Amino acid sequence: MIAGATAGFIAKHLPVLVVLVPLMAAPACLITGNRHATWAIATLASWTSFALTVALFIRVAGQGPLSYSLGGWAAPFGIEYRADALNAFILPLIAGIASFALPYARGSIGRDVEPRQQNLFYSALLLCLAGLLGVTITGDVFNIFVFLEISSLASYVLVAAGGGRDRRAFKAAFDYLIMGTIGASFFVIGIGFLYMATGTLNIADLAHRLATAPADRTVRMAYGFILVGIGLKLAMMPLHQWLPNAYSYAPPAVTAFLAATATKVSLYVLIRFLYTVFGLDDPFEAQTLKLLVMPLGIIGIFAASTVAIFQNDIRRMFAWSSIAQAGYMLTGIALMTPQGLAASLVNIVNHGLTKGALFMAVGMLTLATGTSRLSDLRGIGRTMPWTMAAILAGGLGLIGVPLTAGFISKWALVSAALDAGQWWLAGAVLLSSLLALGYVWRIVETACFGKADETRVIEPVPLAMVIPAWGLLAVSLYAGVQPALIMEGANAAARSLLPHLTGVGG
Amino acid sequence: MADLIRSIAGHYNYWMFVILMMTGLFIVVSRGNLIKKIAGLNIFQTSVFLFYISMGKVTGGTAPVNTGRAGEVYSNPLPHVLILTAIVVGIATTAVGLALAVRIKESYGSIEEDVIEDMHRTERPA
Amino acid sequence: MTDHIALPLSILIPLIIGLFVHMFGDRPNQRDAVSLIGGIVTFIMVGWLLPEVMAGARPSASLFEMLPNVSLAFRVEPLGLMFALIASGLWVLTTLYAIGYMRANGETDQTRFYLFFAIAISSAIGIAFSANLLTLFIFYEALTLSTYPLVAHKGTDEARKGARTYLVILLGTSICFLLPAIIWTYGATGTLDFEPGGIVRGHLPPAFAPLLLALFAFGIGKAALMPFHRWLPAAMVAPTPVSALLHAVAVVKAGVFTMLKVGVYIFGTDYLAETGASVWLVWLAGFTILAASIIAMTKDDLKARLAYSTVSQLSYVTLGMALAVQSGVMGGAMQIAMHALGKITLFMCAGGIYVATHKTKVSELDGLGRRMPFTFAAFAIGALSIIGIPPTGGAWSKFYLMLATLDAHQQVLLIVLMASSLLNVIYLLSIPARAFFLPEAGTALRGFGTLKEAPLLCVLPPCLTAIGTIVLFFHADRIYWLIALIPTAGGHF
Amino acid sequence: MDMLFQSLSPAFIYLAAALVLPLSPNGRVRALVLLAVPVAAFASFAAMPYGEYGQIRFLGLALTLFRLDALSWLFGLAFSIAAFLALLYALHLRDSVQQAATLIYAGAATGAVFAGDLVTLFIFWEATALSSVLLIWAKGGEASYKAGMRYLVVQVGSGVLLFAGLAMLWRETGSLAFEAMTLESLATWTILAAFAIKAAFPLLGGWLADAYPRSTVTGAVTLAAFTTKLAIYALARGFPGCDILIPVGVAMALLPLPYALGADDLRKSLAYLLNSQLGFMVVGIGIGTPLAINGAVGHAFAHIIYDGLMFMALGAVLAGAGTIKESELGGLCKTMPWTAGFILIGALSFAALPLTSGFVTKSLTFSAATPLVQDLLYAASAGVFMAAVMKTGRVFFTGTPVISAEAPLAMRFAMGLSALLSLGIGLVPGLLYRLLPFDTPYQPYSLHPVLMQLLASGAGCLIWLALAKLGWLPHELPGMPWLCRKAGTTGAAIADAAKRPWARFARWRKRLLDTGLSRTFRMAGPDGPLARTLPVGSMALWVVVLLGVTLLLTYL
């Protein structure tokens, strides 16, 4: 009876519970204080919200979009939480990565954060998670800003947590803060313009009004500010400069979590604004995508991959690789076809999984050897074969070797480009894989065939790190072997965003 | 000409928004001192507040308080509400930024960006 | 899932063997024994499929669907079975040889060597049995990756450089050309299955056929079509058993096998012949045949010479496919078998020479034949097979390819084939001739008195394969009846 | 079992013997076993009824491994004799390589002669090439190695042409049978080209005089017997009555003679002479009448024996005196009387003097030829006399004796046997005539041929003496090695010319790569502007720039 009532309650408030669980758990962590207990609370919260997101995904897949009015105020006046094919598809990724990152953090955070401050760390992590989930699920644009800032503020703190070991983390966090705030402010200015033009903040309502009203300069200003603001958050090419430092100096668990989720959520916001809110009705909007976003995406792929090749620090290398990967997703979005969009979504999930696992594996390497510099890791493949195998498997995913998730992403993007008749784009995407081969293989060659340093001391890697890393890697490999679920989810999302365009390909 | 002046004068607070925004950004771009950067950021954010509040202003409108009189024109309250949230966010950001500046000062002994960059350059292993 | 247990087993057993090899890493004898037994069992498994395929059955297995209409699936058809038989059969001999070679040379990291060796074989058999292009692509890349550690085995700067070239060209071509070709095919036809008669007819405007074929032809970098042939000589930094199996059999043959598969089962020879899509490839293959032979003549390093010879010989298969006639496909298929046996002999001999004398240059081999008569005799026979002189199997594949040039009305290519044979004579037969009939520097020509052969395990396998080339001459009809089952235009003749 | 043996041509007896040879002890026993092989081979088919045996289908090809008819029987006999003589001559040899090569070579030639289809012919055709080259290489040394390589390329080239030709023929006619062909398609022309190379046609036959003198003492004997005669057989079988062969044959008979006269190396001179003799046979085949074919075939038969005799004798000199240069030899009849006697018989046969086998067989062809061809061939006969009798005779019968040892007994025995056969055929031509493929009665010893032959020989003798007196005898003329060297240097020059732009291209490419890489590194390396950590102000500047670009776009 009680169980039934609980289930009913959960079913009814599912959209808000997804955010609420981590949001409530965060102060709970703060209060609890004991690091073991906080860890347990945080993990439980992330697992719960993961379960909820999965339930939400199933619900949306089965019954279609789900609307929830916060506090009972109906949209467009109240704040609406709205789960549709797109965000129900992204949500499990965020919560899922958190579910892996938290156990991983337990094994690794001791290096960065003093035991008595770990409750703070966990609550920041939960806040960040809550913010990201909130951004994704809310149906109100200003609410997006608020959640974005919640997650951003939490992530500045999280990045700064790496300062215990390397003081450069402070500076990285500071830069991140400045840039993130500028981005968020741009975003909020854009929202202001939108509100000026339409008088509403609800996404569905905005979309409706913008579709009927002619696009004037105000809307275009809004578009410009939002594009740049979100572009900054997702590390679009010339706005990416905060990212390498932030990812390199943050604690490993944070890097893994942020790399797999933060930029991905920003991409989601971009997709949401481009396709739902603006709907690309104005030729100017499409033009901007074609003339600005697409070239920037491609420049990003090539430039960032090239930079990654020359990096000596593995974490930095993969951070640059993340910038390059964001380029792939941007080009997919800029294709403006259901296939392109689906490709981007597949890429978001697959890259999230792969990069998360990769940063976890690299974290293990760093923890065991005390360095992430490639020149100090010669021949490490002989002493840590399994960790190297994990890095190799993830790296192959970045290159796009078959049976990895990256292959599916690349497949989807290339076939989307071909379908759209963009031969050169397909070629560029594939050519850039060679650059990925370049940096992945630098690691493999140095680690497996370099002369090992005999005096190196290898510290044992706690199982708490090994299991999540391999678990996430396994998930990513599974996504490469059985891509049907992700592909279908992405296709459904793309279809729902571009209903006027049919003919969805693989 | 008169139109132009009226247009400029009529959009006075929007012009202030633009000027503030540019000032804030300029400070962020040009000043090496981290605290000054945060200050610039603050000015930048303030410009956003101004922008929202101006947006909600209805010409001739009063404060959005329900007096019961019919036909009364009042300003749009929603942007004001929103900006309250934004102010909170701004404060939080400033707080975190300042906290970081403190930690940077502790570990580097300076909050001048070029000094810190120099330290980084010498720190980086060959 | 599967209707013949031997099909999954033949792919799995090498992997399991790899696992055992890893487990027995610190006990060399058990490890090597396991490798050998694994090779034999795999060969038996593949051989088990032969009667059924000959009888018309096509055992298949499907694991799961990866893309709509495309599963990770296997299907045994005659061409693939032939390739699998060769790969697994020669694995046994190469393992035998490798045991002798690696021990005699005192190589390090032998466990890793045998492990990746086993994975490579599994990949090769996976390629052979693939039911669709995607499955093939997966195993194709797996083969590239699993052979990388073998090529880089020595870990020296030179080895790493060679391995890098190897990897970049093979992965690069496959990602930049083969993958878009596959995606394009899938986009156009909605399927990737290998179907008799091809799948692109009606889905691809004939004007685009040469372009798609070009993507395939250059994408299959393992077929070493010029200008993407550099990886093959670069990979010669590998220990000789690797060169032997992987660069005479598994890797390169996987390339040309894929080429044939694409020609026969994706385009269909009819389609190619009607559209003339492969005419340019005929000429490029012809060019590669001659150019590689000429380069081979200038190489003094024995393995480099053999590598360029391989480049040249691989293009025979490509040529057979590009001619788009049945005799060409048969000639190409036969060339896979005949060249594999011949070239592995040559490589194993080269390795044997290295083990016994540490000599790598052709110009240093004078008189060695008198001390290593078995090795050099085997070399001579292998060379004959490469050239295509009876009584070695190579003659038949050359015969069918000649017929194919006639059937396709490309007489000029007939001249190319003839010229190439003569070039082969010059750069291959001169090696045993020098060894047997020129005196060692500073001495007189000696008798066959005192032998100084490589260890038995390094001599026996090439002798066996050399005998094999002769046996294949007399039993070429076995292969003939198998590959005559390949569905191509015009029925059998 | 019986069927199996019948279906295999006698070639397989040789091949089987070659296979077991290394197993038998290397000594007198082996020598005797060796001698028994040709005898057994001949015995195996001597009494068999004519017909086609060993018909099999293989790879969809209809093959006839063993065709016995008058023509192949005769050549089978000739090759058996040649093999016997060659093995007898080499009885002292203890070299397994040469022995096995000889057996395989003889077997392959026999197999080719008995081949009923072109594929089988091709297989044995290539086998003769491969086994014979061993006899050249076996001499050892750089010169022999190189000559062997040249020889092999040419021989394999002939085989490859045959292969291509038979493929074309098969595609055209659907038949692989080796029968008379007409020159009406590319296929038959290609096959003729293959035969022409092996028969050492003018311009295609340089390999002969290049390779034979560089082979071993015993190898030359063997080589001289089989390869070219196999080609003559193939021509007789495939292109009888083919008109073009008449002028070609005449040219062949005449052109090598100046070379033969000029060569200092007597074995080389003999090789040229051999080439000239082949011309006589080719003429006969070209005429194509039964008489002419009989002449060509009979001449080939006789030639195998007396030519072998000559090579044996010269080989004995080489073995005994250590040199075979005309300029270094003299007075050999003193030191090697037996050999001198035998070589005289061989030389006279060569010159086709009456009472020798050369005469009774050559005159068959002569009598079938038109007057013009006859005259030209007599002129060639005169030249042959000059080179064979006068030039060779000089080192035996004039000059100061050089130190040399008489040939071993087995050699002498082989020479004697050959001489005996040559004389026997010359004296009792009916013996051979009965074996010839066509049953056309002919009487060689009539006035005209005898007189003409004597006249031609006398003329040759006088001309030689006159030339010798005047010192106008030709000197060494450039042959195949010269041609190869020329081709080699030209090729190298071309390659050099081609290499230079290639090298420049490679350098350019390398520089491009290097500068490209270093530039990329400067851009994207850890300290490059792309990767460097910018001050946060510059980052913010980028935001403003991008915003400006976007807003600019809104005004477009």
Side-chain angles (χ1 to χ4, degrees), chain C residues 294 297-298 327 330 334 366-367 369-370 373 380 384 387-392 395-396 398-407 411 414-415 417-426 429-430 432-434 436-439 444-448 473-481 484 492-493, chain D residues 15 22 26 56-61 94-97 108 119-120 122-127 129-130 133-134 136-142 144-146 148-150 152-172 174 186-187 190 194 491-492 495 498-499:
Chain C
I294 291 170
M297 280 169 55
T298 67
S327 44
M330 296 194 60
M334 240 182 218
D366 292 1
R370 302 275 159 163
L384 291 184
I387 301 165
I389 296 179
T392 55
W396 295 124
K398 302 281 155 38
F399 180 58
Y400 280 103
L401 286 169
M402 281 184 169
L403 285 180
T405 60
L406 296 174
D407 290 347
Q411 271 80 0
L414 180 64
I415 297 173
L417 292 182
M418 288 159 61
S420 169
S421 283
L422 294 187
L423 293 175
N424 286 346
V425 170
I426 296 172
L429 278 186
S430 60
R434 296 182 75 106
F436 275 120
F437 296 109
L438 283 183
L445 192 63
R446 44 193 284 166
F448 287 96
F473 176 79
F474 294 105
H475 291 277
D477 49 343
R478 303 279 167 87
I479 298 180
Y480 174 83
W481 289 120
H492 309 311
F493 57 92
Chain D
L15 300 182
N26 196 355
I56 55 168
R57 280 196 73 81
F58 186 71
L59 295 177
L61 311 169
R94 294 290 174 265
D95 182 348
S96 306
V97 173
V119 173
T120 313
F122 160 72
I123 293 168
F124 286 116
W125 195 265
E126 291 284 42
L130 287 176
V133 75
L134 298 179
I136 301 169
W137 280 336
K139 186 154 184 265
E142 197 73 24
S144 292
Y145 159 72
K146 282 191 173 151
M149 279 314 293
R150 288 193 291 264
L152 189 64
V153 170
V154 172
Q155 295 295 315
V156 172
S158 156
V160 168
L161 275 171
L162 177 58
F163 208 26
L166 75 90
M168 285 191 251
L169 195 68
W170 192 35
R171 273 299 182 252
E172 274 171 26
L186 188 62
T190 311
K499 229 185 254 170

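Each chain gets a letter, A, B and so on, in the order its sequence line appears, and its residues count up from 1. All values derive from a computational prediction rather than experimental measurement.
- In terms of the side-chain contact (heavy atoms from CB on, under 4.5 Å) criterion, residue partners of D:Ile123 (sequence neighbours excluded) are, by chain and number, C:Pro390, C:Phe473, D:Val119.
- Taking the side chain as every heavy atom from C-beta outward, D:Leu134 and C:Phe436 never approach each other to under 4.5 Å.
- Between atom CZ of residue D:Arg171 and atom CG of residue C:Leu403 there is a gap of 4.5 Å, rounded to the nearest 0.5 Å.
- Chosen from C:Gln411, C:Lys398, C:Arg434, the residue pairing most often with chain D at heavy-atom distances under 4.5 Å is C:Arg434.
- Residue contact with chain C, scored on non-hydrogen atoms closer than 4.5 Å, involves the backbone and the side chain of D:Phe163 alike.
- Looking at D:Leu61 and C:Trp396, their side chains come closer than 4.5 Å, going by heavy atoms from C-beta outward.
- Using a 4.5 Å heavy-atom cutoff, the side chains of C:Met402 and D:Leu166 are not in contact.
- Contact of C:Trp481 with chain D is not made at all, since no heavy-atom distance falls under 4.5 Å.
- Looking at D:Met168, both its backbone and its side chain come within 4.5 Å of chain C, counting heavy atoms on both sides.
- Contacts between D:Ala164 and chain C at a heavy-atom distance below 4.5 Å involve backbone atoms as well as side-chain atoms.
- Across every non-hydrogen atom of D:Gly141 and C:Pro439, the tightest pair is N-CD, 4.4 Å.
- Neither the backbone nor the side chain of D:Ile56 comes within contact range of chain C, judged by heavy atoms closer than 4.5 Å.
- Listed here is the closest heavy atom pair of D:Phe58 and C:Ala476: CZ-N, 3.8 Å.
- Put simply, the side chain of C:Phe437 reaches to within 4.5 Å of the side chain of D:Val97, judged on heavy atoms.
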Problem - side chain to side chain contact (heavy atoms under 4.5 Å, CB included) between C:Phe399 and D:Phe122, intermediate numbers included - result: CA-CA 11 Å; C:Phe399 180 58; D:Phe122 160 72; over 6 Å; no
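- For C:Leu406, the part sitting under 4.5 Å from any heavy atom of chain D is the side chain, from C-beta outward, and nothing else.
- By the side-chain contact (heavy atoms from CB on, under 4.5 Å) test, C:Leu429 pairs with C:Ala383, C:Leu384, C:Ile387, C:Val425, C:Pro432, D:Leu130, D:Leu152, sequence neighbours left out.
- Both the backbone and the side chain of C:Ser430 come within less than 4.5 Å of a heavy atom of chain D.
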